[in-house]
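Labels below follow one simple rule: chain letters A, B, ... track the order of the sequence lines, proteins then strands, and each chain is numbered from 1. Bear in mind the structure is a predicted one, so any value in this text is a computation, not a measurement.
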There are 2 protein chains.
Amino acid sequence: MAPRPLTKPRKDASQKRSRATVDALVEATARVLVKEGFDKASTNRIAGMAGVSIGSLYQYFPSKEALVAAVIDRHQRDVQRAVRAELAEAMNLPLEKAVRKLVAMAVKAHRVDPKLHRVLAEQIPRMGKLEDSGAFNRENYASFRDYLERHRDALAVGDLELASFVCVTAVEALTHNAVLAEKLSDKEMDALTDHTTRLIVRYLKA
Amino acid sequence: MAPRPLTKPRKDASQKRSRATVDALVEATARVLVKEGFDKASTNRIAGMAGVSIGSLYQYFPSKEALVAAVIDRHQRDVQRAVRAELAEAMNLPLEKAVRKLVAMAVKAHRVDPKLHRVLAEQIPRMGKLEDSGAFNRENYASFRDYLERHRDALAVGDLELASFVCVTAVEALTHNAVLAEKLSDKEMDALTDHTTRLIVRYLKA
DNA sequence: ATAAAAAGCGAGCCATTGCTCATATTATAT
DNA sequence: ATATAATATGAGCAATGGCTCGCTTTTTAT
């Protein structure tokens with residue numbers, strides 16, 4: 001039995017040279033996605049932009065999808081890093097403060113490489129089951145539900161599942177669209193944060 | 001000057017045979033988009049599904065984009081037809097009734113061929129300037145703003161531009177996501193309509 | 001020093017894409 | 001009936017896509 005042909009893509013990059021190659025490929029994928037869009041992001045182009053041969057690309061990534069998945073993964077890590085601490089804090093605040101903090105968090109999250117975020121948001125749905133992709137949102141969703149449950153008494157809504165859906169969906173859409181508009185000043189973003197907070201608080205509060 | 005070579009795509013389909021061909025192509029495009037997704041929707045496949053030769057396709061549509069644009073156009077006409085009358089009615093109702101009607105309208109609009117709607121919603125942003133595409137939304141947006149202006153006294157918000165953005169974005173996202181979830185019963189959809197109405201009304205009302 | 005393993009290379013295969021064009025068929029007008 | 005315009009056809013081209021494979025270079029281990 002041959003010692004596993006070299007052409008089957010490996011996953012591990014044991015030497016630092018190869019780790020650099022992998023990083024360059026992920027970075028190049030993100031850059032190409034933003035600059036050219038998903039359709040024009042061919043593996044050859046990505047390899048070129050990374051300064052790496054197409055052969056090397058396929059040593060570490062079995063497919064174009066795998067490459068995009070790696071970019072998504074990295075992006076989500078970045079967002080999580082920017083946000084996780086604050087999320088924990090918010091859990092112990094009273095309703096209005098908590099909501100305001102969550103909205104601010106959502107804005108911050110969307111401001112981590114917004115152009116990449118846009119491309120990914122457009123592409124993820126059609127990539128079918130990219131299992132991890134929803135995990136982050138699901139986690140935030142669960143956290144929020146949890147918060148509502150703990151503060152049940154202060155709320156005027158009975159169905160917390162539905163309430164979570166309403167709040168998370170609305171906040172996500174508002175911040176997403178606002179950040180993508182790009183032309184918004186800081187003052188306008190503050191106004192939006194105020195309004196979004198008010199929207200959610202009034203909806204929830206008894 | 002040659003009498004315009006036959007290979008340059010025409011636009012008009014003067015005989016009914018050709019009108020049928022055009023219809024079949026638009027219909028086939030919609031069907032392929034839904035069944036195979038945008039990436040797999042090649043012109044050859046579309047022509048095949050329409051039972052029309054690839055040559056004929058290019059007599060009426062200069063490009064794949066034109067085909068998709070025609071589908072978008074047709075879909076938007078369908079939605080408008082399903083909704084326009086009610087929109088006018090809503091304009092003369094008091095706040096809560098009006099909002100409830102608008103939310104119900106949004107649900108109805110999203111239920112016109114939801115699978116097609118999903119594909120189009122994913123694809124339109126990346127088709128760059130597909131000018132007419134936003135027109136429908138912009139019209140609804142303007143109508144809503146108009147309503148707010150006329151009922152200014154009953155509202156607790158000053159910035160009507162921002163308020164319109166908040167309301168339209170939230171309602172659109174909620175109905176869009178809810179309809180795409182697909183697994184929702186009528187009862188659940190009613191609950192969602194209630195909650196969405198409440199969300200908007202509480203946000204707006206003094 | 002040397003052999004083996006790891007990493008890198010890129011010409012090129014094969015499938016598919018959007019699309020053209022020379023030709024054939026059908027409709028309309030006289 | 002016949003000429004002309006309208007419509008339909010599909011083989012096939014040029015471009016591009018994802019990806020493989022035989023090979024070279026670099027690193028690591030002994």
When the distance from CZ of A:Arg19 to P of C:dA6 is rounded to whole Å, what number comes out?
14 Å

Is there a side-chain contact between A:Leu120 and A:Leu33 (heavy atoms, below 4.5 Å)?
yes

Interatomic distance where CG belongs to A:Leu25 and C1' belongs to C:dG8 [whole Å]
11 Å

Side-chain heavy-atom pair A:Phe165, B:His195 within 4.5 angstrom cut-off:
no

Choosing from C:dC19, D:dT20, D:dT7, which nucleotide comes nearest the side chain of B:Tyr58?
C:dC19

If you look at every strand shown and take non-hydrogen atoms under 4.0 Å, does B:Ser56 touch a base, only sugar-phosphate, or nothing?
base

Checking contacts here: which listed nucleotide (C:dC9, C:dG18, C:dT20) is nearest the side-chain heavy atoms of B:Ile54?
C:dT20

As a test of reading the structure: which of C:dT17, C:dC19, D:dC19 is closest to the side chain of B:Arg45, going by heavy atoms?
C:dT17

Check the orientation of B:His117 and B:His75. Use parallel for under 30°, tilted for 30 to 60°, and perpendicular for over 60°.
tilted

What's the CG-P distance between A:Leu57 and D:dT20, to the nearest Å?
11 Å

Between D:dG18, D:dG10, C:dA7, which nucleotide gets closest to the side-chain atoms of B:Ser53?
D:dG10

Counting only side-chain N and O atoms of B:Thr21, is one of them less than 4.0 Å from OP1 or OP2 of D:dT7?
no

Rounding to an integer number of Å, can you tell me how far A:Arg17 CZ sits from C:dG8 C1'?
6 Å

In whole angstroms, how far is the C1' atom of D:dT26 from the NZ atom of A:Lys16?
14 Å

Output for pair (B:Met105 CE, B:Thr193 OG1), nearest 0.5 Å, gives 12.5 Å

Nearest listed nucleotide, side chain of B:Asn44, among C:dC9, C:dG18, D:dC19:
C:dG18

Between B:Lys64 (NZ) and C:dT16 (P), how many Å, whole number?
15 Å

Starting at the 5' end of DNA chain D, which residue's closest nucleotide do you reach first, A:Gly55 or A:Lys40?
A:Lys40

Within this structure, what is the CD-to-P distance between A:Gln15 and D:dA29, rounded to whole angstrom?
9 Å

Would one find a side-chain N or O of B:Ser18 under 4.0 angstrom from OP1 or OP2 of D:dT7?
yes

Interatomic distance, B:Gln59 CD vs D:dG10 P [rounded to whole Å]:
13 Å

Salt-bridge criterion met for B:Arg150 and B:Asp146 (N-O under 4.0 Å):
yes

